[in-house]
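Shown next, in structure tokens, is the structure this report addresses.
Both backbone and side-chain heavy atoms feed into the values below; hydrogens, waters and symmetry mates do not.
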Amino acid sequence: MTRAAAGRTAGRRSRGARADVAVVGGGVVGAACALALARLDLDVTLVDAAAPSPWSAAVPDLRVYAFAPDNAALLETLGVWARVREERLQPYRHMRVWDAAGGGELHFDADALGRRELGWIVEHGLLVDRLWAALPQAGVDVRAPLRVEGLEQDAEGARLRFDDGSRLEARLAIAADGADSALRALSGAEVAAHDYAQRGVVAFVETERPHEETAWQRFLPDGPLAFLPFAGGRASTCSSIVWTLPQARAAEVLALDDEAFSHALTRAFDARLGQARPLSRRVAFPLRRQLTDRYQLGRVLVMGDAAHVVHPLAGQGVNLGLRDVAALRETIAAALARGADWSSPSRLARWARTRKSENAVAAWSFDGINRVFSSDGLRRTLLRGALLGLAGKLPPVTAALWRRAAGS
């Protein structure tokens with residue numbers, strides 16, 4: 001039976017059912033949340049508009065993450081990280097950041113920070129595949145494909161209505177269904193969005209020189225260009241790129257033939273790893289900052305991209321979402337250990353306030369970095385390279401910056 005068929009069968013068996021928690025959205029954050037709460041012996045139902053396609057090692061997923069150590073530890077406790085490691089995972093031990101206008105370089109080094117690695121580059125599709133594979137064993141009731149169309153709630157819980165006519169009552173409903181979240185909209189939450197008028201061009205490339213297990217990022221006047229080491233193709237020379245560009249320029253880059261793209265990319269990266277040649281198709285996605293006004297609306301919690309969309313320059317989007325999950329698991333586990341009401345609105349409100357604050361700080365920080373470095377203004381140009389160089393020469397500053405990124 002296919003995964004989609006299995007989801008439909010589970011849904012038919014469970015029509016009219018009750019659950020402790022209903023998680024809407026089966027991406028990395030939603031699936032991890034469902035799994036984490038099911039591991040606490042809660043009755044969890046996961047709903048998604050479409051079951052994910054099976055991951056294939058032969059077709060690398062263009063969407064990759066720079067995965068932080070604290071989130072690897074979270075997936076380890078959920079029994080998923082080892083299954084990801086078995087397939088394809090690229091550690092990175094260094095991170096180098098510099099500005100095209102000159103100045104110093106910011107260098108993070110695993111040895112200097114007392115770590116085996118700074119993090120890992122991992123495919124979105126692989127993470128989702130392994131998370132979904134773990135759901136049935138944890139007792140999660142998976143319903144897919146299914147879309148939420150209605151929401152009613154009171155002090156006792158939330159009642160969801162779906163597009164096939166089925167309903168589900170839950171003490172807690174979680175909106176983890178992405179930036180255009182249907183459940184968030186039904187709950188009445190509002191979002192403040194800012195369009196960066198930029199697109200992120202992504203592709204896999206092969207370089208003349210090895211990537212050196214290093215995540216590279218060069219700031220250009222149009223936006224940052226990142227080369228992330230990837231364990232695919234000729235592993236030591238394969239990288240995933242994220243090239244932030246104004247919309248018109250991104251369209252031009254997508255239209256280039258492979259030879260012209262290779263030349264443009266190599267020049268933009270200052271040939272740091274020699275000639276860069278494409279290994280895959282190129283796609284681009286629009287960039288925006290989007291923050292919801294509330295993370296808790298009665299019996300509905302909002303997390304992941306449904307709550308916060310940030311600029312990808314620091315690779316923190318999925319990391320912030322998984323920190324939402326880890327904090328919620330900790331909050332509920334502490335209540336269960338004391339025999340308290342784990343779904344108490346006041347208890348969940350503390351989670352909501354803390355996560356909203358921390359995510360807002362991160363979003364505005366990335367916004368500020370993008371504004372400072374994506375500019376050819378003379379003052380900013382003279383300042384930014386010097387700041388990177390100064391930070392790179394002060395080990396305590398470098399260590400503090402890394403602790404923030406690593407979630408420690």
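Within the 3.5 Å criterion, the main-chain N or O of Val318 finds no donor-acceptor partner in the side chain of Asn71. For Asp293 (side chain) and Glu190 (main-chain N/O), a donor-acceptor pair under 3.5 Å exists by modelled atom type. Without hydrogens or angle criteria, Thr266 side chain to Gln275 main chain gives no donor-acceptor distance under 3.5 Å. Judged by distance alone, with hydrogens and angles left aside, the side-chain atoms of Asp367 form no donor-acceptor pair with the main-chain N or O of Ala363 at under 3.5 Å. In terms of modelled atom types and a separation under 3.5 Å, the side chain of Asp222 and the main chain of Leu245 share no donor-acceptor contact. Within the 3.5 Å criterion, the main-chain N or O of Ala58 finds a donor-acceptor partner in the side chain of Ser56. When atom types are taken as modelled, the side chain of Arg93 and the backbone of Thr214 share no donor-acceptor pair closer than 3.5 angstrom.
Annotation: side chain of Leu320 is in contact with side chain of Val310 (closest heavy-atom distance under 4.5 Å). Two residues are said to be in side-chain contact when any heavy atoms from C-beta on lie closer than 4.5 Å; His211 and Gln90 meet this criterion. Between Pro52 and Trp132, some side-chain heavy-atom pair lies under the 4.5 Å cut-off. By the 4.5 Å heavy-atom criterion applied to side chains, Thr237 and Arg209 are not counted as neighbours. Between Trp216 and Leu273, some side-chain heavy-atom pair lies under the 4.5 Å cut-off. Side-chain contact between Asp305 and Asp177: absent, with no pair of heavy atoms (C-beta onward) separated by less than 4.5 Å. The shortest side-chain heavy-atom distance between Trp351 and Asp324 falls under the 4.5 Å cut-off. You'll find the side chain of Val205 reaches within 4.5 Å of the side chain of Leu265, heavy atoms only.
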Atom pairs and distances, side-chain donor-acceptor, residues 332-344, under 3.5 Å, sequence neighbours left out:
from   : atom 1 : to     : atom 2 : distance (Å)
Asp341 : OD1    : Arg171 : NH2    : 3.0
Asp341 : OD1    : Ser343 : N      : 3.0
Asp341 : OD1    : Ser343 : OG     : 2.9
Ser343 : OG     : Arg171 : NH2    : 3.1
Ser343 : OG     : Arg299 : NH1    : 3.1
Ser344 : OG     : Ser346 : N      : 3.4
Ser344 : OG     : Ser346 : OG     : 3.0

Listed pairs under 3.5 Å, donor-acceptor, residues 248-258 side chains, sequence neighbours left out:
from   : atom 1 : to     : atom 2 : distance (Å)
Arg249 : NH1    : Glu252 : OE1    : 3.2
Asp257 : OD1    : Glu259 : N      : 3.2
Asp257 : OD1    : Ala260 : N      : 2.7
Asp258 : OD1    : Arg282 : NH2    : 2.9

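The structure places CG of Asp20 at 9.0 Å from OG1 of Thr45, a figure rounded to the nearest 0.5 Å. The CG atom of Leu78 sits 15.5 Å away from the CZ atom of Arg130 when rounded to the nearest 0.5 Å.
Applying the ring pair (Phe, Tyr, Trp, His ring centres under 6.0 Å) test to His194 and every residue at least two apart in sequence or in another chain returns Tyr196. Listed by chain and residue number, His124 satisfy the ring pair (Phe, Tyr, Trp, His ring centres under 6.0 Å) test with Tyr65 (two or more places apart in sequence, or in another chain). In this structure, the side chain to side chain donor-acceptor pair (under 3.5 Å) partners of Glu123, at least two apart in sequence or on a different chain, are Trp55, Arg88. Evaluation of the side chain to side chain contact (heavy atoms under 4.5 Å, CB included) rule for Ala349 yields Gln296, Arg353 as partners, not counting sequence neighbours. Residues passing the side chain to side chain contact (heavy atoms under 4.5 Å, CB included) test with Arg294, sequence neighbours excluded: Leu297. Under the rule for a salt bridge (charged side-chain N to carboxylate O under 4.0 Å, His left out), Arg350 has no partner lying at least two apart in sequence or in another chain. Val191 pairs by the side chain to side chain contact (heavy atoms under 4.5 Å, CB included) definition with Arg184, Gln290, Thr292, not counting sequence neighbours. Evaluation of the ring pair (Phe, Tyr, Trp, His ring centres under 6.0 Å) rule for Phe261 yields no partner, not counting sequence neighbours.
Annotation: cation-pi pair Arg289/Trp364 present, NZ/CZ under 6.0 Å from the ring centroid and within 45° of its normal.
Remark: Arg159 CZ is packed, more than 12 non-hydrogen atoms of other residues, nucleotides or ligands lying under 6.0 Å away. Within 6.0 Å of CD on Glu208 lie more than 12 heavy atoms contributed by other residues, nucleotides or ligands.
Screening residues 37-57 for salt bridge (Lys or Arg N to Asp or Glu O under 4.0 Å), with sequence neighbours left out, gives no hits. Annotation: side-chain hydrogen bond (donor to acceptor under 3.5 Å, both in side chains) contacts involving residues 73-82, sequence neighbours excluded, comprise Thr77-Arg329.
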Using side-chain contact (heavy atoms from CB on, under 4.5 Å), reason through Leu228 and Tyr92 one step at a time and then give a plain yes or no. CA-CA 8 Å; Leu228 306 175; Tyr92 61 96; over 6 Å; no
Test side-chain contact (heavy atoms from CB on, under 4.5 Å) on Val302 and Ser181 and set out the steps. CA-CA 9 Å; Val302 188; Ser181 169; 5.7 Å; no
Show the numbers, then the answer: is there a side-chain contact (heavy atoms from CB on, under 4.5 Å) between Phe67 and Leu322? CA-CA 10 Å; Phe67 219 68; Leu322 287 173; 3.4 Å; yes
Between Arg218 and Asp99, does a side-chain contact (heavy atoms from CB on, under 4.5 Å) hold up when you go through it step by step? CA-CA 6 Å; Arg218 188 186 194 209; Asp99 188 77; over 6 Å; no
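Looking at Gln316 and His311, their side chains never bring a donor and an acceptor atom within 3.5 Å of each other.
In summary, of the residues considered (Leu168, Asp164, Asp163), a side chain to side chain contact (heavy atoms under 4.5 Å, CB included) with Ser166 occurs for Asp164 alone.
Salt-bridge formation is detected for the pair Glu105/Arg272: a Lys NZ or Arg NE/NH1/NH2 atom is positioned less than 4.0 Å from an Asp or Glu carboxylate oxygen. Using a 4.0 Å cut-off between a side-chain N of Lys or Arg and a carboxylate O of Asp or Glu, Arg18 and Glu169 qualify as a salt bridge. Under 4.0 Å is where a charged nitrogen must lie from a carboxylate oxygen, and between Arg288 and Asp180 at least one such pair does.
Between Phe269 and Phe227, the ring-plane angle classifies as parallel under the 30° and 60° cut-offs.
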